[in-house]
Amino acid sequence: MKTIDIKGTARNGFGKKASKELRKQNLIPCNLYGVEKDGKGLPVAKAFQVTTEEVRNLVYTPDIHAINLTIDGQTVLAVMKEIQFHPVKDTIQHIDFYQITDSKPIVMAVPVKLTGLAAGVKAGGKLDQAMRRVKAKAIYTVIPEKIEIDVTPLTIGKSFKVGDLKVEGIEFVSPKQAVICSVQSTRAAAAAEATEEAAAE
């Protein structure tokens, strides 16, 4: 997994009004959750802020990253947990980060890349990718930048599901029956199949 450096500063203002003022200054309110717990065992959030420019290379990319997150000079290792966008302007409204270690598994949505030329496509079918990411659970050092799937064996009508994924050290937590990709029949493929059946008869 790639690593990216991000710097922020602690924030003292909370609530909608304070967050709105931050956004006017091109700042994004953020929270960091992680190993620190309160008296009830619940995660303690560290509130901080970053500039839009600081997180641009993290947010506007299909890649996933481990983050060297520095807040007022103190650095922790983290991943982006959740991001909220404005429903109309599509600007970043809030980001949650999660502190990670090299011993505790985390869940991340890993990009899926299809490789090869499906047999069904050669026969006139169409390859459809239903899932662009799958949720994987593992120690962050084991999680790859992407999951590659060789679609060469797929014939028309066949699919590749989450349950078909086998990567050592990784547990896939997306539903096992969820279809990642499939080869669907087209009019051309159906016509070719009908011609073959007629010739065989």
Side-chain angles (χ1 to χ4, degrees), residues 1-11 28-50 54-85 92-116 129-151 153-154 159-182:
M1 192 189 309
K2 297 178 180 178
T3 302
I4 191 171
D5 297 330
I6 290 178
K7 294 181 180 180
T9 56
R11 61 185 172 96
I28 303 168
C30 304
N31 286 327
L32 171 66
Y33 298 89
V35 296
E36 189 176 349
K37 309 286 184 181
D38 63 14
K40 297 181 180 179
L42 299 174
V44 175
K46 182 178 182 63
F48 66 102
Q49 61 200 28
V50 295
E54 189 72 25
V55 296
R56 186 175 299 280
N57 291 335
L58 171 68
V59 175
Y60 300 107
T61 175
D63 300 328
I64 56 175
H65 295 84
I67 305 160
N68 290 316
L69 180 59
T70 302
I71 304 173
D72 292 339
Q74 183 177 0
T75 303
V76 298
L77 194 62
V79 291
M80 185 169 65
K81 182 180 180 182
E82 185 177 354
I83 184 168
Q84 298 174 5
F85 292 92
I92 304 171
Q93 298 291 284
H94 185 91
I95 305 177
D96 283 338
F97 294 86
Y98 187 82
Q99 186 176 349
I100 59 176
T101 68
D102 58 4
S103 60
K104 185 177 179 180
I106 60 171
V107 175
M108 292 197 74
V110 183
V112 173
K113 180 182 180 181
L114 306 183
T115 63
Q129 185 171 356
M131 295 179 68
R132 299 290 174 178
R133 292 174 179 255
V134 292
K135 290 185 177 180
K137 182 178 182 181
I139 297 170
Y140 87 94
T141 53
V142 177
I143 295 177
E145 294 179 11
K146 58 181 175 292
I147 301 292
E148 292 192 355
I149 298 174
D150 182 7
V151 300
L154 288 183
S159 62
F160 195 101
K161 300 178 181 179
V162 173
D164 298 321
L165 290 171
K166 299 291 185 291
V167 180
E168 186 176 355
I170 294 180
E171 175 189 354
F172 292 99
V173 297
S174 296
K176 294 186 182 300
Q177 294 302 312
V179 173
I180 297 175
C181 61
S182 61

Gap between atom [atom2] of [Y] and atom [atom1] of [X] - 0.5 Å precision:
X	Y	atom1	atom2	result
Ile6	Thr75	CD1	OG1	12.0 Å
Leu58	Ile4	CG	CD1	5.5 Å
Leu77	Tyr98	CG	OH	12.5 Å
Phe85	Gln93	CZ	CD	10.0 Å
Met80	Phe97	CE	CZ	7.0 Å
Ile83	Ile92	CD1	CD1	4.5 Å

List the atom of [X], the atom of [Y], and the distance in Å for their closest heavy-atom pair.
X	Y	value
Pro111	Glu145	CD-O, 3.4 Å
Gly8	Val50	CA-CG1, 3.9 Å
Met1	Ala66	SD-N, 3.4 Å
Val179	Ser159	CG1-CB, 3.9 Å
Glu54	Lys7	OE2-N, 2.9 Å
Ile180	Leu165	CD1-CD1, 3.8 Å

What verdict does the side chain to side chain contact (heavy atoms under 4.5 Å, CB included) test give for Phe160 and Val151, after you've listed the backbone C-alpha separation in whole Å, the side-chain angles of each residue and the deciding distance to 0.1 Å? CA-CA 8 Å; Phe160 195 101; Val151 300; over 6 Å; no
Check whether any side-chain heavy atom of Thr70 lies under 4.5 Å from a side-chain heavy atom of Asp5, and answer yes or no.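 With C-beta onward as the side chain, the pair stays apart.
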With Asp63, which residues qualify under salt bridge (Lys or Arg N to Asp or Glu O under 4.0 Å), at least two apart?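 Lys2.
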Test salt bridge (Lys or Arg N to Asp or Glu O under 4.0 Å) applied to Arg56 - qualifying residues, sequence neighbours left out: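 Once residues adjacent in sequence are excluded, the partners of Arg56 under the salt bridge (Lys or Arg N to Asp or Glu O under 4.0 Å) criterion are Glu53.
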If only atom types and distance count, is the side chain of Lys166 paired as donor or acceptor with the main-chain N or O of Gly163 below 3.5 Å?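 Checked: pair present.
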Is there a donor-acceptor contact under 3.5 Å from the side chain of Asp72 to the main chain of Ala10?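 Flag set: sc Asp72 to bb Ala10 pair under 3.5 Å.
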Checking Ile149 against Asp164 for the side chain to side chain contact (heavy atoms under 4.5 Å, CB included) test, could you report, in this order, the C-alpha distance in whole Å, the side-chain angles of both residues, the deciding distance, and whether it holds? CA-CA 10 Å; Ile149 298 174; Asp164 298 321; over 6 Å; no
Between Glu148 and Val167, does a side chain to side chain contact (heavy atoms under 4.5 Å, CB included) hold up when you go through it step by step? CA-CA 10 Å; Glu148 292 192 355; Val167 180; over 6 Å; no
Give the intermediate values and the outcome of side chain to side chain contact (heavy atoms under 4.5 Å, CB included) for residues Asp96 and Gln84. CA-CA 9 Å; Asp96 283 338; Gln84 298 174 5; 5.6 Å; no
Taking distance alone, no hydrogens or angles, what donor-acceptor pairs closer than 3.5 Å link side-chain atoms of residues 132-141 to residues at least two apart or in another chain?
unit_1, atom_1, unit_2, atom_2, d
Arg132, NH1, Gln129, OE1, 3.0
Arg133, NH1, Ala109, O, 2.9
Arg133, NH2, Pro62, O, 2.7

